[in-house]
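Structure, as structure tokens:
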Amino acid sequence: MSYHPQGPLPERSKLQTSAIILIVVGFLCGGTIPAIFGIIALVQMDSDPYSAQKMNKVGWILFWVMLVLIILFIVIYVVVVVLMLGAATLPFLMGG
């Protein structure tokens with residue numbers, strides 16, 4: 001038996017909308033892991049709304065972390081390619 005914190009129940013429509021957006025955006029941008037958390041949140045919404053809210057929050061946090069990592073890897077890739085092309089073309093530019 002689990003005890004939930006005493007407080008208002010999460011609003012169902014906001015939680016449902018957030019979980020659906022997380023599923024769609026998770027599959028399109030952040031990978032499957034955030035989308036899986038969105039699916040779990042959507043499934044648990046009726047039986048355990050507090051757990052669904054936690055799953056939704058975790059999914060959004062994972063989405064943003066993965067998005068930042070993807071952007072970071074793209075920036076690093078572009079910098080490495082520019083440096084490699086610069087180093088490869090430097091002898092030709094210097095006349096050697």
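Residues take their numbers from the sequence shown, with the count starting at 1. Below, each value reflects all heavy atoms present in this structure, side chains not excepted, and no hydrogens, waters or symmetry copies.
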When clusters are formed by joining ILVMFWY residues with side-chain heavy atoms under 4.5 Å apart, either directly or through shared neighbours, do [X] and [Y] land in the same one?
| X | Y | value |
| --- | --- | --- |
| L72 | F63 | no |
| L69 | F27 | no |
| W60 | V65 | no |
| I61 | L67 | no |
| W64 | V25 | yes |

Contact summary for [X] and [Y], nearest pair of heavy atoms:
| X | Y | answer |
| --- | --- | --- |
| I70 | C29 | CD1-O, 3.7 Å |
| Q53 | L15 | CA-CD1, 3.8 Å |
| L42 | A19 | CD1-CB, 4.0 Å |
| S51 | Q44 | OG-OE1, 2.8 Å |

Please round to the nearest 0.5 Å and tell me the distance separating atom CD1 of I23 and atom CG of N56.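 So the gap between those two atoms works out to 9.0 Å.
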How long is the gap from CD1 on I40 to CG on D48, to the nearest 0.5 Å?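 Spacing of CD1 (I40) from CG (D48) equals 12.5 Å.
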Backbone of S13 reached by a side-chain donor or acceptor of T17 within 3.5 Å: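 Yes, the answer is positive, given that a donor and an acceptor are paired below the 3.5 Å cut-off.
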Check: P34 and M66 side chains under 4.5 Å, non-hydrogen atoms: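 In short, these two side chains touch, coming nearer than 4.5 Å.
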Let's go through M55 and I39 carefully: what are the C-alpha distance in whole Å and the side-chain angles of both, what is the deciding distance for side chain to side chain contact (heavy atoms under 4.5 Å, CB included) to 0.1 Å, and is it a yes or a no? CA-CA 9 Å; M55 290 293 164; I39 292 170; over 6 Å; no
